[in-house]
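One structure below.
On a predicted model such as this, the values are computed, not experimentally measured, just so you know.
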Amino acid sequence: MGSKSSLSQQLTDARLMVEGLTSHADAVAKVGIETSRATDIKTLSDALAALDSEQESLKAQLKSKTAELEKKQKALKEVMAETKKLVKIAVPQTDWVAFGITDKK
């Protein structure tokens, strides 16, 4: 398992390792690998998969919120531009600063 393997590859490798450790418990016990090692790997990989799923859900929520934010920002920009034009017509230029308008014309 390389240090740059993808998450899905890590999870697959972990699943295969657990299966191998379980089915060859007697052989790996000879080198000091206890059955608890398979349980530890499974627990870690399950937790990692759950976190990945949660992260993907959060990414989807972020994408949705970003779209909503951009839509509201565009609406505000349009209303502000229209209002600014009308204020410039209705109010003398010397008073524009009271509306936050710093334009010269």
Side-chain angles (χ1 to χ4, degrees):
M1 188 165 51
S3 62
K4 292 196 176 206
S5 63
S6 69
L7 178 60
S8 62
Q9 186 60 52
Q10 281 184 302
L11 293 173
T12 298
D13 291 348
R15 181 181 50 78
L16 291 171
M17 180 62 75
V18 169
E19 290 173 5
L21 291 174
T22 304
S23 64
H24 296 88
D26 291 339
V28 297
K30 293 175 186 173
V31 292
I33 299 176
E34 298 177 9
T35 56
S36 62
R37 179 69 59 100
T39 303
D40 292 345
I41 292 171
K42 181 163 181 7
T43 300
L44 283 169
S45 64
D46 288 349
L48 184 59
L51 285 169
D52 180 54
S53 178
E54 183 180 354
Q55 183 185 48
E56 290 302 319
S57 175
L58 289 169
K59 285 180 188 177
Q61 289 177 27
L62 176 60
K63 188 175 181 179
S64 174
K65 273 300 175 199
T66 299
E68 184 180 341
L69 179 132
E70 289 172 352
K71 183 177 177 182
K72 292 285 185 196
Q73 188 176 15
K74 181 180 177 188
L76 176 61
K77 185 177 181 178
E78 290 170 358
V79 169
M80 289 292 291
E82 179 184 342
T83 305
K84 185 175 177 180
K85 286 177 189 176
L86 295 173
V87 167
K88 284 177 158 186
I89 292 169
V91 178
Q93 183 177 355
T94 54
D95 294 334
W96 288 358
V97 74
F99 298 88
I101 301 171
T102 57
D103 299 358
K104 302 291 183 198
K105 297 180 182 181

Distance in Å, Ser45 OG paired with Asp52 CG, rounded so as to fall on 0.5 Å steps: 12.0 Å
Please output the side-chain donor-acceptor pairs of residues 80-101 that fall under 3.5 Å, not counting sequence neighbours, one pair per line with the distance.
{"residue": "Thr83", "atom": "OG1", "partner": "Val79", "partner atom": "O", "Å": "2.7"}
{"residue": "Lys84", "atom": "NZ", "partner": "Asp103", "partner atom": "OD1", "Å": "3.3"}
{"residue": "Lys84", "atom": "NZ", "partner": "Asp103", "partner atom": "OD2", "Å": "3.0"}
{"residue": "Lys88", "atom": "NZ", "partner": "Asp103", "partner atom": "OD2", "Å": "2.7"}
{"residue": "Lys88", "atom": "NZ", "partner": "Lys105", "partner atom": "O", "Å": "2.8"}
{"residue": "Gln93", "atom": "NE2", "partner": "Lys104", "partner atom": "O", "Å": "2.2"}
{"residue": "Trp96", "atom": "NE1", "partner": "Val91", "partner atom": "O", "Å": "2.9"}

Sequence neighbours excluded and cut-off under 3.5 Å, please list the side-chain donor-acceptor pairs for residues 32-40, or say none.
none

All side-chain hydrogen bond (donor to acceptor under 3.5 Å, both in side chains) counterparts of Glu56, not counting sequence neighbours: Lys59
Identify each donor-acceptor pair in which a side-chain atom of residues 17-31 lies under 3.5 Å from a protein atom, sequence neighbours left out, and give them as a table.
{"residue": "Glu19", "atom": "OE2", "partner": "Arg15", "partner atom": "NH1", "Å": "3.2"}
{"residue": "Thr22", "atom": "OG1", "partner": "Val18", "partner atom": "O", "Å": "2.7"}
{"residue": "Ser23", "atom": "OG", "partner": "Glu19", "partner atom": "O", "Å": "3.0"}
{"residue": "Ser23", "atom": "OG", "partner": "Gly20", "partner atom": "O", "Å": "3.4"}
{"residue": "His24", "atom": "ND1", "partner": "Gly20", "partner atom": "O", "Å": "3.2"}

Residue list, side chain to side chain contact (heavy atoms under 4.5 Å, CB included) with Leu51, at least two apart or on another chain: Glu54
Side-chain donor-acceptor pairs of residues 63-72 under 3.5 Å, sequence neighbours excluded:
{"residue": "Lys65", "atom": "NZ", "partner": "Glu68", "partner atom": "OE1", "Å": "3.3"}
{"residue": "Thr66", "atom": "OG1", "partner": "Leu62", "partner atom": "O", "Å": "2.8"}

Inter-residue atom distance Leu16.CG - Leu11.CG, 0.5 Å rounding: 11.0 Å
